[in-house]
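All of these numbers come straight from a predicted model, not from anything done at the bench. Counting starts at 1 for both ligands and their atoms, in listed order.
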Amino acid sequence: MLDYDLHCHSSISDGTLAPAEVVNRAAERGVKVLALTDHDDLDGLDEARAAAAQRGMIFINGVEISVSWRIHTLHVVGLGIDPAYPPLAEGLRGVRSGRGNRAEKMAEALAKVGIGGVLQGAYRYAGNPNMIGRAHFARYLVEAGHFRDVRSVFNRYLAKGKPGYVPHQWAALADAVGWIRGSGGVAVLAHPGRYMCGNKSMGKQTMREMLAEFFACGGQAIEVVSGSHTAEQYAEFARYAAEFDLLCSCGSDFHGPGESHRDLGRLPDFPPGCRPVWEAKPLKPIFENIPSSPAHNAVAGHAEEGN
Ligand code: AMP
Ligand code: MN
Ligand code: MN
Ligand code: MN
């Protein structure tokens, strides 16, 4: 079984390692196929791809787009995208553009509950100031001694409904999927289990409506094995994938050593019956065009099984 990790972050968004450092860590941990999927930004892909080539690793251009759907924030991962496709690049520029203003509002909201002067500190943690986000605030609040770890900051102040949470309008679902598909990529719903837990989470009926809409506008896969899921959720979302005729993806959602629930790679296998996302047409050539790659034979095997 090849080691695939199709969801992780670098300091171009809210990871703590530079893109090449993410790739090197993945290689050291045995990952053979890696997608870097920074939030709303493609600037880490060139560096990561070059590092992956040096390591003999198969690299997939990725992104994780922030989406507003009804009252929920969803994340849609694009795999095998073309970073030069203008609607994608321009769409993401639009998604990023509200982050500075949102950060100011977050700092004001935190000041109102007695935690003042955090904006500058949060920006110090943002490797890419255009992508300032909640994780940077959380890291600064830990450094400033307010909390033991990032998770506690989210639970107390930054999660939906908490005092430092500022609602925000991200991309529309159909737009995000359209930019990904238009650029030649595969649209994958990220960590669906996360939308069903916590404050104002969606119930099963809403999850079904969302998956139907995702599929109808061109979504092709959902993450089944995710660093955000429990083992029970692997099985649960494998069933949703079968019900909605969606392929299955896997990724750690790694953000940095010591912070993420799961490190890069070494993810558990899919539950039985899952059709992996690398069987999607747009991803096949990435493997088939690299005949010397260790993945070639294995992936050709998968393709035949799927036919
Ligand atoms: P933003 O795009 O600025 O709203 O930030 C979203 C990011 O915050 C996610 O991608 C995670 O990296 C992080 N995050 C969200 N919820 C939590 C949580 N409960 N614990 C730790 N990190 C979280
Ligand atoms: Mn993140
Ligand atoms: Mn996410
Ligand atoms: Mn992520």
When you look at D82 and S183, which way does the side chain to side chain donor-acceptor pair (under 3.5 Å) test go after all the steps? CA-CA 5 Å; D82 174 4; S183 84; over 6 Å; no

Indicate if the distance from the Mn ion (ligand 4) to the nearest N, O or S atom of H191 falls below 2.8 Å. no

Plane angle bin for H39 and H255 - parallel if under 30°, tilted between 30 and 60°, otherwise perpendicular: tilted

Backbone, side chain, both or neither: what part of R99 comes under 4.0 angstrom of ligand 1, heavy atoms only? side chain

Heavy atom of the protein closest to atom 18 (C) of ligand 1 (residue, atom name, distance): F154 CG, 3.5 Å

Tell me: protein heavy atom nearest atom 4 (O) of ligand 1, and distance? R102 NH2, 2.7 Å

Enumerate the atoms of ligand 1 whose separation from the nearest heavy atom of G133 is less than 4.0 angstrom. 3 (O)

Does W170, backbone or side chain, put an N or O under 3.5 Å from an N or O of ligand 1? no

Taking R49 for the side chain and N61 for the main chain, is one N or O donor matched with an acceptor at less than 3.5 Å? no

From the N, O or S atoms in E64, identify the one nearest to the Mn ion (ligand 3). OE2

What do we get for H39 next to ligand 1 when only non-hydrogen atoms under 4.0 Å count, side chain, backbone, both or neither? side chain

For the atoms NE2 of H9 and OD1 of D253, give the angle they form at the Mn ion (ligand 4), rounded to 10 degrees. 90°

Using the rule given for side chain to side chain donor-acceptor pair (under 3.5 Å), can you reason through D41 versus N130, listing the C-alpha separation, both sets of side-chain angles and the distance that settles it, and then say yes or no? CA-CA 9 Å; D41 200 310; N130 296 328; 5.3 Å; no

Test ring-ring contact (aromatic ring centres under 6.0 Å, His included) on F244 and F214 and set out the steps. CA-CA 10 Å; F244 288 88; F214 176 66; 10.0 Å; no

Taking both backbone and side-chain atoms of R194, is any N or O found less than 3.5 Å from an N or O belonging to ligand 1? no

For atom 7 (C) of ligand 1, the protein heavy atom that lies nearest, with its residue and separation: D14 OD2, 3.5 Å

Can you pull out the closest protein heavy atom to atom 5 (O) of ligand 1? Residue, atom name and distance to 0.1 Å, please. R134 NE, 3.7 Å

Quick check: does H7 have an N/O/S atom under 2.8 Å of the Mn ion (ligand 4)? yes

Do Y140 and F137 have ring centroids that are under 6.0 Å from one another? no

Can D5 and R29 be said to form a salt bridge (Lys or Arg N to Asp or Glu O under 4.0 Å), step by step? CA-CA 11 Å; D5 194 330; R29 292 180 54 81; over 6 Å; no

Locate the shortest heavy-atom distance separating W179 from L92; write the atom from each residue and the value. CZ3-N, 4.3 Å

Run the side chain to side chain donor-acceptor pair (under 3.5 Å) check on W69 and E213 step by step: do they pass? CA-CA 10 Å; W69 182 80; E213 197 174 316; 3.1 Å; yes

With heavy atoms under 4.0 Å as the rule, classify the contact between H255 and ligand 1 as side chain, backbone, both or neither. side chain

Between H75 and ligand 1, is there a nitrogen or oxygen pair with a distance under 3.5 Å? no

In terms of relative ring orientation, are Y234 and H229 parallel, tilted or perpendicular, with 30° and 60° separating the classes? tilted

N, O or S atom within H75 nearest to the Mn ion (ligand 3), by name: ND1

